[in-house]
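Input: a single structure, listed below in C-alpha cells.
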There are 2 protein chains.
Amino acid sequence: MFSKSCEYGIKATLFIAQKSQWGERVSLKEIAAAIDSPIAFTAKILQVLAKASIVNSTKGLHGGYEIEKECLPKISLKQIVQAIDGNRIFDGCALGLKICNAKEPCPMHSQFVIIRNKLSETLASSNLLNVAMNLNLGLTVLKR
Amino acid sequence: MFSKSCEYGIKATLFIAQKSQWGERVSLKEIAAAIDSPIAFTAKILQVLAKASIVNSTKGLHGGYEIEKECLPKISLKQIVQAIDGNRIFDGCALGLKICNAKEPCPMHSQFVIIRNKLSETLASSNLLNVAMNLNLGLTVLKR
DNA sequence: GTAAAATCGGATAAAAAGGTCTTTATATCT
DNA sequence: AGATATAAAGACCTTTTTATCCGATTTTAC
Ligand code: FES
Ligand code: FES
C-alpha cells in the first residue's frame, strides 16, 4: 500500500505531533527509537517532510523537529502521503495503465475508484491533533 | 497498491478468460501483446498462476493457456492477487507493524481495516466471467 | 571554540522487475 | 515409430528501483 518511506514518514510525523502538543522538540535519535526505524533513513524522510513544511527542523544544540501547535489540526495524513509517495495512490490505475481514465477504463476501474476515493477521503479528513490524542491515551501505538 | 507482477497477472488472466469463453487457447506471445507486458516476465507469472491452478497450461504444438469455461464464474480477482502477492494487502498493517492487531493497533488501524475489507470484498465478489464480458463488449480495456 | 544537532552527497545492500538460454513436453509430418 | 517444429517450464543472470548506511559539512547554543 504505502512505501516504507511513507510508513516511517507517517509514524515520525505522528510522534513529533504528539510531543509538539506539549511544546516539546524531539531529535532524530528520539524519533527513530520511538518508531523503531533506521536512523539515517529516517533523517532523509524528515528532510522531505521539512521541505514540504509539514515539520519544522532546527539545527544545532537543542535542535530537533517540531510542529507548531496551531498547525496540528490543519495537517492531514493525506498531506504526508502526498509529500513522500506523491499522489499515484490517489489517481493511479489499479492495473498500471499509464493514466487512469474513465472514458477507456481498465476492468477494475469502476470498483477501484470507490476504494481509492474512500482512502483519499479518510486520509484527508484526519488531522494530526486527533491522531496524537489517541496516541497519548495509549489507545494506539507506533511500534511493537 | 499491487505489484507489477500482480498487475500483469490480473490482466493476463482476464485476457485468457476472455478467449476461453469461446474455447480458444492463447499463447504467451499473444498474451504479452494483448496486455502490453514484458514477455519473459509474463511467462514467470503465468507459471505461478498455473501452479495455483487458476489457469491451465499445455506445452507443445498448439499449446498455450486456457481456463475451463465452467470455472470462469468461480474464479475471483482476489484469488489471483493472493496467488501472486499473497495476502499482506488483506491483513497487513498500514504502517508496517509486523502483524496487524486490533488489541494494540497502529494509529491508522480503525480506519484502515474498513478500506482493506472493502477491497477484499470487492475483489472476492468479482468473477472472471463478468469481467470478461465487459471486455468483449469493449466497455473496458487491458492496454492503451 | 566546542559539542550537539540537522543537512547534504554519495555509497552500499536488498528486493523487484526484466531478460537469456536450455530443457521438456506435445502435436504433426514423414 | 521417429524426426521435427512449437510452446511452456526451469535455471540463471542483469538492470532498475527501493531501502539503508556512512562521512563530511553546516548550523546553533553554551
Ligand atoms: S483506468 Fe484503471 S483504475 Fe481507472
Ligand atoms: S495495526 Fe496497523 S492496520 Fe491494524
Side-chain angles (χ1 to χ4, degrees), chain A residues 1-13 15-16 19-20 24-67 81 84-86 88-89 92 95-96, chain B residues 1-13 15-16 19-20 24-67 81 84-86 88-89 92 95-96:
Chain A
M1 182 71 87
F2 303 121
S3 70
K4 233 81 185 58
S5 296
C6 199
E7 289 175 3
Y8 293 145
I10 294 172
K11 288 194 275 193
T13 307
F15 178 67
I16 298 168
K19 295 302 182 180
S20 292
E24 287 178 41
R25 183 184 283 170
V26 289
S27 75
L28 172 60
K29 260 176 282 187
E30 291 176 281
I31 297 169
I35 70 175
D36 193 26
S37 67
I39 184 160
F41 190 35
T42 308
K44 276 216 179 130
I45 300 163
L46 285 167
Q47 286 178 47
V48 174
L49 258 8
K51 273 190 187 128
S53 55
I54 288 170
V55 304
N56 297 97
S57 71
T58 326
K59 284 185 176 182
L61 203 64
H62 304 148
Y65 301 90
E66 79 201 307
I67 300 168
V81 173
I84 299 175
D85 276 355
R88 203 156 53 258
I89 318 160
L95 295 186
Chain B
M1 182 71 88
F2 303 119
S3 70
K4 235 77 184 62
S5 296
C6 199
E7 289 176 4
Y8 293 145
I10 293 172
K11 288 194 274 195
T13 307
F15 178 67
I16 298 168
K19 296 301 183 180
S20 292
E24 287 178 42
R25 184 184 282 170
V26 289
S27 74
L28 172 60
K29 262 177 281 188
E30 292 177 280
I31 296 170
I35 70 175
D36 192 28
S37 68
I39 184 159
F41 191 35
T42 308
K44 275 206 191 143
I45 299 162
L46 285 167
Q47 286 179 48
V48 174
L49 257 8
K51 272 188 189 130
S53 57
I54 288 171
V55 304
N56 296 89
S57 73
T58 327
K59 285 184 176 184
L61 203 65
H62 304 147
Y65 301 91
E66 80 201 305
I67 299 168
V81 173
I84 299 175
D85 276 355
R88 202 155 55 257
I89 317 159
L95 295 187

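Residue numbers begin at 1 in each chain, while the letters A, B, ... track the order of the sequences.
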Would a 4.5 Å heavy-atom cut-off, applied to side chains only, mark Ile67(A) and Thr13(A) as touching? yes

Can you check whether Phe2(B)'s main-chain N or O pairs, donor with acceptor, with Asp85(B)'s side chain at less than 3.5 Å? no

On DNA chain D, compare the nucleotides closest to Gly64(B) and Phe2(A); which residue's is nearer the 5' end? Gly64(B)

Rounding to 0.5 Å, atoms OG (Ser27(B)) and NZ (Lys19(B)) come to a distance of 11.5 Å

Do Tyr8(B) and Ile84(B) have side chains that get closer than 4.5 Å, going by heavy atoms? no

Whether each nucleotide of nucleotides 24-30 of chain C has a protein heavy atom under 4.0 Å at its base (B), only at its sugar-phosphate (S) or at neither (-) is summarised, 5' to 3', as BBBBS--

Shortest non-hydrogen contact from Val81(B) to Ile89(B)? CG1-CD1, 3.4 Å

side-chain contact (heavy atoms from CB on, under 4.5 Å) between Glu66(A) and Thr58(A), intermediate numbers included: CA-CA 9 Å; Glu66(A) 79 201 307; Thr58(A) 326; 3.9 Å; yes

Is the phosphate of dA19(D), meaning OP1 or OP2, less than 4.0 Å from a side-chain N or O of Tyr8(A)? no

Roughly how many Å is it from CD in Glu7(A) to C1' in dA19(D), rounded to a whole number? 12 Å

Leu49(B) and Ile16(B), any side-chain heavy atoms less than 4.5 Å apart: no

Would you mind telling me which residue lines up with the more 5' stretch of DNA chain C, Ser27(A) or Lys4(B), judged by nearest nucleotide? Ser27(A)

Mind listing the closest non-hydrogen atom pair of Lys11(A) and Ile35(A) along with its distance? O-CG2, 3.7 Å

Using whole Å, report how far CD1 of Ile35(A) lies from P of dT20(D). 11 Å

Rounded to the nearest Å, what distance is computed from the OH atom of residue Tyr65(B) to the P atom of nucleotide dA7(D)? 12 Å

So do the side chains of Ser5(B) and Phe41(B) get within less than 4.5 Å of each other, counting heavy atoms only? yes

Roughly how many Å is it from CZ in Arg25(A) to P in dA4(C), rounded to a whole number? 17 Å

In whole Å, I'd like the distance from the CG atom of Leu28(B) to the P atom of dT20(C). 14 Å

To the nearest angstrom, the CG-P distance between Asp85(A) and dT17(D) comes to 16 Å

For Ile84(A) and dT17(D), what is the distance between atoms CD1 and P respectively, to the nearest whole Å? 20 Å

Neighbours of DNA chain D within residues 38-56 of chain B, by heavy-atom distance under 4.0 Å: Lys44(B), Gln47(B), Lys51(B)

